[in-house]
Number of protein chains: 2
Amino acid sequence: MKDNKKQKRILEVAEEEFLMKGFAGARTVEIAERAGVSHSMLHYYYKTKEQLFGHVMVEKLQRLKESVATVFMIEDMPVVEKVVELVVRHFEFLSENPDLPRFIINEMIVRPEYAEMMKREALPLLKDAVARLQRELDAAAKEGEVRTMEAATLLMDIVSVNLFSFIVAPILSSVKPDMDFQAYYHARCQENVQLILNRINPDIK
Amino acid sequence: MKDNKKQKRILEVAEEEFLMKGFAGARTVEIAERAGVSHSMLHYYYKTKEQLFGHVMVEKLQRLKESVATVFMIEDMPVVEKVVELVVRHFEFLSENPDLPRFIINEMIVRPEYAEMMKREALPLLKDAVARLQRELDAAAKEGEVRTMEAATLLMDIVSVNLFSFIVAPILSSVKPDMDFQAYYHARCQENVQLILNRINPDIK
DNA sequence: ATTTTGTTGAACAAAAATGTTAAACAATTT
DNA sequence: AAATTGTTTAACATTTTTGTTCAACAAAAT
């Protein structure tokens, strides 16, 4: 038929609702309502709330995977520049999916049944990425371009500073309601790049 | 009577349940059960789930305030050492309240009615802390002890790297089930201190 | 043109969760 | 000793939420 427009719409709204309110907080009737379809339609396409949630999860984990995959997509380039590129790309990914991390982390803790799924989906890729980065860092360290450090630690630093920039954004905006988000994000991304540069080589800049 | 032992127990369990599952996910019957009291007892002390949640919130915001207050409790001391001390104390606070931040951030987004309360409770103190730190940083910058930087940014960096160490801990432990948490936290705290030191003065160490 | 698929509405069933009540009794206070 | 407060049990009422069904109709596919 008409390309399952309504089914897609349900999924879209469900994503928003689940991300905002979590599994327990979201309401199927509200999802249907906001999606502009009848209550029965929702159950026509998705038997249960659980199933609908499953679809959202799969979709989201897909994006998380893509996020990790950006590490590989960076072609041959000096490791320092590569790290900067990594920070920026990760930051951009978060700009487009600002509340994905909060959602994932929460549902992993609140609903351990999904932790397994996430491990299967995202971990192998991540491990590979860490191993590659480690090799490059070690090589650069031999040349004295960067200090010796663990790739896993570096990645954690990158993710943590970037993530936090987004997690606190709603709090900051409630403090300063007239806050300029664009300017904030721009400044924050640069701050984060700086911080990570300092981290891999205290002598840079 | 016997010092409201049961009432306290209910609150304790409610805290755990709300922190783990959020307001929407927690169940009053389960709280009563786990607290070892009857269902009616719970409603005897706390009319509604909402009210019980309110008590938990107040308690938690109190701790958050105390966390912020540590900034003031640090006596006269060179600003660099003070910052190190700050990182360590904040890290220790998180060790004792590992899922408080996730809970607070979540409920702020999911239940905006509590955001107001949090602002009233924690923000004035925080603003004061930032202003004080800024003055000290500026003074130290004049002496060339640290680079010029915004106190708010520094605090954000501290909170973000510390927070993240805790947020990822459950994920890491699911990857390596035999992981040594004690060792992890110890290493992580030192890494974070290093990172922040680099941040305020790239020439240190 | 007919069959299948999508869609609604409205009512309804079932389940889950919250909140209430009353009787009985125990412990504590006054 | 009497009154108050804490506590349980167990039933029940209420509300909220999820999930079902069915009749009717629209749109698309065959």
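By convention in this document, chain letters (A, B, ...) are assigned in the order of the sequence lines, proteins followed by strands, and residues within each chain are numbered from 1.
Identified under the salt bridge (Lys or Arg N to Asp or Glu O under 4.0 Å) test for residues 32-53 of chain A, with sequence neighbours left out: A:Glu16-A:Arg34, A:Glu17-A:Arg34, A:Glu50-A:Arg111. Within the structure, salt bridge (Lys or Arg N to Asp or Glu O under 4.0 Å) contacts touching residues 64-74 of chain A (residues at least two apart or in different chains) are A:Lys65-A:Glu121. Contacts classified as salt bridge (Lys or Arg N to Asp or Glu O under 4.0 Å) and involving residues 87-104 of chain B (residues at least two apart or in different chains) are given here: B:Glu85-B:Arg89. Within the structure, every pair that satisfies the salt bridge (Lys or Arg N to Asp or Glu O under 4.0 Å) test and touches residues 150-168 of chain B, not counting sequence neighbours, is listed here: A:Arg188-B:Asp157, B:Asp157-B:Arg199.
By the salt bridge (charged side-chain N to carboxylate O under 4.0 Å, His left out) test, B:Asp128 pairs with B:Arg132, sequence neighbours left out. With sequence neighbours excluded, no residue forms a ring-ring contact (aromatic ring centres under 6.0 Å, His included) with A:His186. When the ring-ring contact (aromatic ring centres under 6.0 Å, His included) test is applied to A:Phe181, the partners found at least two apart in sequence or on another chain are A:Tyr185. Evaluation of the salt bridge (charged side-chain N to carboxylate O under 4.0 Å, His left out) rule for B:Lys127 yields no partner, not counting sequence neighbours. Under the rule for a side-chain contact (heavy atoms from CB on, under 4.5 Å), the partners of A:Asp138 that lie at least two apart in sequence or sit in another chain are A:Gln134.
Rounded to whole angstrom, the span from the CG atom of A:Leu42 across to the P atom of C:dG6 amounts to 15 Å. Atom-to-atom, NE2 of A:His43 to P of D:dT17 comes out at 13 Å; the value is rounded to the nearest Å. In this entry the distance linking NZ of B:Lys6 with C1' of D:dG6 reads 9 Å, nearest Å.
Atom CD of A:Glu191 is separated from atom CD of A:Gln194 by 7.0 Å, given to the nearest 0.5 angstrom.
Contact between the side-chain N/O atoms of A:Lys5 and the OP1/OP2 oxygens of C:dG6 is not found at any separation under 4.0 Å.
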Output a table of nitrogen or oxygen pairs between the protein and nucleotides 9-13 of chain D separated by less than 3.5 Å.
residue: D:dT9; atom: O4; partner: B:Ser40; partner atom: OG; Å: 3.1

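Of the residues in residues 44-51 of chain B, those lying under 4.0 Å from DNA chain D by heavy-atom distance are B:Tyr44, B:Tyr45. Listed by residue number, the members of residues 14-33 of chain A with any heavy atom below 4.0 angstrom from DNA chain C form an empty set.
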